[in-house]
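Naming convention: chains lettered A, B, ... in sequence-line order (proteins, then strands); numbering from 1 in each chain. Please read all numbers here as calculations on a predicted model, not as lab measurements.
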Amino acid sequence: MNENLKIIENMNIKAFQNDLISWFEREQRDLPWRKDQDPYKVWVSEIMLQQTKVDTVIPYFLNFIEQFPSIDELATADEEKVLKAWEGLGYYSRVRNLHSAVKEVKEKYESKVPDTPKGISSLKGVGPYTAGAILSIAYGKPEPAVDGNVMRVLSRILSIWEDIAKPSTRKVFEEAVRLLISKENPSYFNQALMELGALICTPTSPSCLLCPVREHCHAFEEGTQTELPVKTRKKSVKHVDLVAGLIVNKEGKILIHKRPNKGLLADLWEFPNIEKSQLFHPRRVLEDFLLDEYKIETEIRTSSFAKIDHVFSHLTWEIEVFAGEMVGKVQETSTLKLVTAEELGEYAFPVSHQKIWKEYQQMI
DNA sequence: AAGGCGTGGGG
DNA sequence: TCCCCAAGCCT
């Protein structure tokens with residue numbers, strides 16, 4: 001056995017499972033994806049919940065399932081509508097992968113979500129955690145579903161001092177779960193570990209006195225619960241200065257651009273923008289960019305109407321925004337459009353550019 | 001392995 | 001204000 005898992009040898013595993021699952025049966029939150037075990041809905045919820053809080057996900061989940069109630073309806077849905085349903089949730093590659101994987105399930109598996117580790121893991125956007133979550137929650141299979149909650153909870157119960165920021169550490173916890181998981185109810189066991197992490201065994205100031213498994217917890221016994229888990233923090237973020245244009249034509253239509261299908265905010269729409277230059281005034285940089293890149297002649301106002309600060313997980317933006325008018329005409333393409341203010345609502349924008357639009361409306 | 005990839009909320 | 005977090009995955 002792994003040296004990190006010696007505590008398990010002296011655990012009463014049956015009692016641990018029972019205490020944990022009984023607590024979950026009593027205290028679990030009433031969440032929309034817990035209404036049934038439809039593998040499709042479990043799948044959608046697990047993708048949405050990646051790095052995202054329950055409270056944030058709930059309204060998105062309800063709307064998404066209403067719009068796309070089944071594999072077949074999502075598989076045949078218009079890409080732009082699917083992306084719009086994800087607008088504001090972040091990590092947009094999740095929805096692109098989900099849409100693509102759902103199409104694959106429809107074509108290759110007759111619209112039935114695979115129920116084997118190999119099958120489920122082959123789907124785009126389904127990694128080790130999500131595979132285990134779907135297999136255990138939707139299909140009752142005793143597979144580990146190790147997320148941040150599970151690593152935090154088990155690092156405390158089993159006194160595991162490995163750095164959970166290291167990718168290789170997940171395997172230690174998967175092995176632990178394989179030893180601990182209830183074969184009678186793997187679904188509740190996995191969900192209970194995560195629910196415990198969310199409600200009781202929280203990152204800071206865990207509620208040990210309310211914990212249903214504190215008798216089984218080595219960290220509680222030693223008083224080390226606030227020192228665990230060990231997690232090295234990553235380095236600070238870089239900063240980028242942008243200049244953007246809120247450009248309208250003579251009919252008042254607004255110029256928007258679709259971002260590339262890879263990288264940051266892929267496939268989302270934006271107001272034309274470019275990184276600032278040290279050498280030239282932002283207004284001049286924007287003017288040149290619109291002419292060179294889109295062959296658009298513009299008259300840009302002398303002073304900007306807004307400066308938007310936006311923070312991502314790995315970088316920050318400051319966007320200085322200028323209003324302007326097109327002089328001539330544009331050739332519209334699939335990635336460059338002129339739209340009315342009403343039509344803007346049909347396109348998915350990142351939050352940073354939603355801020356631009358709000359500032360513009362206040363200004364005019 | 002390590003960095004890219006969003007957003008909103010809490011201490 | 002700043003830093004960290006929240007049911008990770010991909011390259």
**Student:** Report the distance from atom CG of A/Asp55 to atom P of C/dC5, rounded to the nearest whole Å.
**Tutor:**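 Going from A/Asp55 (CG) to C/dC5 (P), I get 19 Å.
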
**Student:** Looking at B/dG8, B/dG6, C/dC5, which one has an atom nearest to any side-chain atom of A/Leu265?
**Tutor:**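 The answer is B/dG6.
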
**Student:** What nucleotide among C/dA6, C/dC5, B/dT7 has an atom nearest to a side-chain atom of A/Val351?
**Tutor:**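 My answer, after comparing the listed nucleotides, is B/dT7.
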
**Student:** Is a salt bridge present between A/Glu346 and A/Lys84, judged by a nitrogen-to-oxygen distance below 4.0 Å?
**Tutor:**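 No, no charged N to carboxylate O under 4.0 Å.
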
**Student:** Across the strands shown, which category fits A/Arg259 at heavy-atom distances under 4.0 angstrom: base, sugar-phosphate, nothing?
**Tutor:** nothing

**Student:** From the options C/dG8, B/dG4, B/dT7, select the nucleotide whose nearest atom is closest to the side chain of A/Phe312.
**Tutor:**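 Ranking C/dG8, B/dG4, B/dT7 by closest atom to the A/Phe312 side chain puts B/dT7 first.
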
**Student:** Taking the basic N atoms (NZ, or NE/NH1/NH2) and the acidic carboxylate oxygens, is any pair closer than 4.0 Å for A/Lys231 and A/Asp163?
**Tutor:** no

**Student:** Whole Å only: how far is the CZ atom of A/Arg94 from the C1' atom of C/dC9?
**Tutor:**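 Atom-to-atom, A/Arg94 to C/dC9, this comes out as 10 Å.
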
**Student:** Of A/Val126 and A/Leu31, whose nearest nucleotide on DNA chain C comes first from the 5' end?
**Tutor:** A/Leu31

**Student:** Can you check the A/Lys262 NZ to C/dT11 P distance for me, whole Å?
**Tutor:** 7 Å

**Student:** So, is A/Lys231 near the phosphate of C/dC5, with a side-chain N or O under 4.0 Å from OP1 or OP2?
**Tutor:**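 Affirmative; the distance criterion is met.
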
**Student:** For A/Ile164 and B/dA1, give me the distance from atom CD1 to atom P, rounded to whole Å.
**Tutor:**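 Roughly 16 Å, once rounded to whole Å.
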
**Student:** From C-beta outward on A/Pro128, which listed nucleotide comes closest to its side chain: C/dC9, C/dC5, C/dG8?
**Tutor:** C/dC9

**Student:** With a 4.0 Å cut-off on heavy atoms, is A/Val311 in touch with a base, just the backbone sugar-phosphate, or nothing at all?
**Tutor:**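 Contact class for A/Val311: base.
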
**Student:** Look at the side chain of A/Thr204 and the base of B/dG10, then say whether one donor and one acceptor between them are separated by less than 3.5 Å.
**Tutor:** no

**Student:** Whole Å only: how far is the CG atom of A/Leu264 from the P atom of B/dC5?
**Tutor:** 5 Å

**Student:** Nearest to the side chain of A/Tyr91, which nucleotide is it out of B/dG4, C/dA6, C/dG8?
**Tutor:** C/dG8

**Student:** Categorize A/Arg152 for me: base, sugar-phosphate, or nothing, with a 4.0 angstrom heavy-atom threshold over every strand shown.
**Tutor:**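 It contacts sugar-phosphate atoms only.
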
**Student:** Which part of the nucleic acid, if any, lies within contact of A/Thr52, taking any heavy atom under 4.0 Å across all strands shown: a base, the sugar-phosphate backbone alone, or nothing?
**Tutor:**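 Counting heavy atoms under 4.0 Å across all strands, the contact made by A/Thr52 includes a base.
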
**Student:** Does the A/Glu343 side chain pair with the main chain of A/Thr340, one donor and one acceptor, at a distance under 3.5 Å?
**Tutor:**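 Answer holds: yes.
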
**Student:** Distance check needed: B/dG9 C1' versus A/Gln51 CD, whole Å only.
**Tutor:** 15 Å

**Student:** Identify, between A/Thr202 and A/Gly127, the residue whose nearest nucleotide on DNA chain C lies closer to the 5' end.
**Tutor:** A/Thr202

**Student:** Does A/Glu325 come within less than 4.0 Å of A/Arg301, counting only side-chain N to carboxylate O?
**Tutor:**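 No, A/Glu325 and A/Arg301 are not salt-bridged.
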
**Student:** By the 4.0 Å heavy-atom rule, please label A/Lys166 as base, sugar-phosphate, or nothing.
**Tutor:**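 Touches nothing.
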
**Student:** Look at all strands and tell whether A/Trp33 reaches a base, only sugar-phosphate, or nothing, counting heavy atoms closer than 4.0 Å.
**Tutor:** base

**Student:** Is A/Gly197 touching bases, backbone alone, or none of the nucleic acid, heavy atoms closer than 4.0 Å?
**Tutor:**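 Nothing, no nucleic acid heavy atom in range.
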
**Student:** Any salt bridge between A/Glu46 and A/Lys41, counting N to O under 4.0 Å?
**Tutor:**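 A/Lys41 and A/Glu46: not salt-bridged.
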
**Student:** Counting side-chain heavy atoms from C-beta on, which of B/dC5, B/dT7, C/dC9 comes nearest to A/Leu315?
**Tutor:** B/dC5

**Student:** When you compare B/dC5 with C/dA6, how far apart are their P atoms, in angstrom units rounded to a whole number?
**Tutor:**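 Looking at atom P only, B/dC5 and C/dA6 are 23 Å apart.
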
**Student:** Decide, yes or no, whether a salt bridge links A/Glu80 with A/Lys258 under the criterion of side-chain N to carboxylate O below 4.0 Å.
**Tutor:** yes

**Student:** Nearest to the side chain of A/Tyr129 - B/dT7, C/dC9, B/dG6?
**Tutor:**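 Nucleotide nearest to A/Tyr129's side chain: C/dC9.
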
**Student:** Between A/Glu332 and A/Lys253 (salt bridge meaning N to carboxylate O under 4.0 Å), is one present in this structure?
**Tutor:**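 Between A/Lys253 and A/Glu332 there is no salt bridge, as every charged N stays at least 4.0 Å from the carboxylate O atoms.
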
**Student:** Does a side-chain N or O of A/His314 approach OP1 or OP2 of B/dC5 to a distance below 4.0 Å, or not?
**Tutor:** yes

**Student:** Roughly how many Å is it from NE2 in A/His353 to C1' in B/dG6, rounded to a whole number?
**Tutor:**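 Atom NE2 in A/His353 sits about 13 Å away from atom C1' in B/dG6.
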
**Student:** How is A/Val54 classified with respect to the nucleic acid when contacts are heavy atoms under 4.0 Å: base, sugar-phosphate, or nothing?
**Tutor:**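 Here A/Val54 touches the bases of the nucleic acid.
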
**Student:** When all nucleic acid strands are considered with a 4.0 Å heavy-atom cut-off, which category describes A/Thr130: base, sugar-phosphate, or nothing?
**Tutor:**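 Sugar-phosphate: the residue A/Thr130, judged by heavy atoms under 4.0 Å, touches backbone atoms but no base.
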
**Student:** Could you work out which one of B/dA1, B/dG4, C/dG8 sits closest to the side chain of A/Gln50?
**Tutor:** C/dG8

**Student:** Specify the residue among A/Gly90 and A/Pro167 whose closest nucleotide of DNA chain B lies further upstream toward the 5′ end.
**Tutor:**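 Nearer the 5' end of the strand: A/Pro167.
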
**Student:** Rounded to whole Å, how long is the line connecting atom CH2 of A/Trp86 with atom C1' of B/dC5?
**Tutor:**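 Spelled out: CH2 on A/Trp86 to C1' on B/dC5 is 14 Å.
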
